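Predicted model only: the values in this text are computed from it and were never measured.
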Amino acid sequence: MHSHLSFENPTALPHEVVVETMERALDDRSAEGEAARVLVGTALNDDDAEFVEHWCVQIGTRAVPGSPLLGLAGLCLGHAARRFGRLSDEALVLAQSLAVRAEADPTDVDGRALDGYDDVRSFLGLW
């Protein structure tokens, strides 16, 4: 008998929970797993574009080199571009920077940043 694994995208949480979780993860790397779930849920399901982008940028600029949250922040910027059809100049520069870092050293920023930047370029017509 085979068991089937299922995956469900995380839901969006109240903003105060998101803020608390993100700040904790930026101070304590042991909280990165929870922060990853929260960031993905926010990027995929929160309807406040500015809030989504703000936390992608915060994570993408404040997480330590080598943190898996860096690549995830880039990926989530791609989700935001797809969902909202726009990103600020700061977020665009960050998405590109994370992708460049991922290409140069995947131990610094993982490859999800490349996927996210591809989405940014595709959904914002930047090819």
Does any part of the side chain of Leu13, heavy atoms only, come nearer than 4.5 Å to the side chain of Val38, both counted from C-beta?
yes

Less than 4.0 Å between a side-chain N and a carboxylate O, is that true for Arg83 and Glu53?
no

Would you check if the side chain of Asp119 reaches a backbone N or O of His79 as a donor-acceptor pair within less than 3.5 Å?
no

Between Leu70 and Gly60, which heavy-atom pair has the shortest distance, and what is it?
CD2-O, 3.5 Å

From Leu44 atom CG to Leu39 atom CG, the distance as rounded to the nearest 0.5 Å:
9.0 Å

How about Glu90 and His54: do any of their side-chain heavy atoms sit closer than 4.5 Å?
no

Regarding Arg121 and Asp118, does a basic nitrogen lie under 4.0 Å from an acidic carboxylate oxygen?
yes

Does CG belonging to Asp89 count more than 12 external heavy atoms closer than 6.0 Å?
no

Please find the pair of heavy atoms, one from Ala113 and one from Ala102, that lie closest to each other, and give the distance.
CB-CB, 4.1 Å

Nearest-0.5 Å distance that lies between atom CD1 in Ile59 and atom CG in Leu72
9.0 Å

Qualifying residues under side-chain contact (heavy atoms from CB on, under 4.5 Å), relative to Asp46, sequence neighbours excluded
Ala12, His15, Thr42, Asp48, Phe51, Val52

Atom CG in Asp115, atom CG in Asp110: separation rounded to 0.5 Å?
9.0 Å

Where Pro68 and Glu32 come nearest, the two heavy atoms and their spacing
CD-OE1, 3.4 Å

Sorted by chain and number, sequence neighbours left out, salt bridge (Lys or Arg N to Asp or Glu O under 4.0 Å) with Arg82 holds for none

Could you give the distance from OG1 (Thr21) to CD (Glu16), rounded to the nearest 0.5 Å?
10.0 Å

Where Ala73 and Cys56 come nearest, the two heavy atoms and their spacing:
CB-O, 3.5 Å

In terms of hydrophobic clustering (I, L, V, M, F, W, Y; side-chain heavy atoms under 4.5 Å; direct or indirect links), are Trp55 and Val17 co-clustered?
yes

Compare all side-chain heavy atoms of Leu98 with those of Arg101 and state whether any distance is below 4.5 angstrom.
yes

For Glu34, I'd like to know if atom CD has over 12 heavy atoms of other residues, nucleotides or ligands within 6.0 Å.
yes

Smallest heavy-atom separation, Ala99 atom then Tyr117 atom, equals CB-CB, 3.6 Å

Gap separating the CD atom of Gln58 from the CG atom of Leu69, nearest 0.5 angstrom:
13.0 Å

ILVMFWY network linking Leu94 to Leu114, side-chain heavy atoms under 4.5 angstrom
no

Are the side chains of Leu92 and Leu126 in touch, meaning some heavy atoms are under 4.5 Å apart?
yes

Please check if Val19 and Val40 belong to a single hydrophobic cluster, counting links between Ile, Leu, Val, Met, Phe, Trp and Tyr side chain heavy atoms closer than 4.5 Å.
yes

Can you see which heavy atom on Arg29 is nearest to which on Gly66, and at what distance?
NH2-O, 3.7 Å

Are Leu75 and Leu26 grouped together when hydrophobic residues (ILVMFWY) are joined by side-chain heavy atoms under 4.5 angstrom apart?
yes

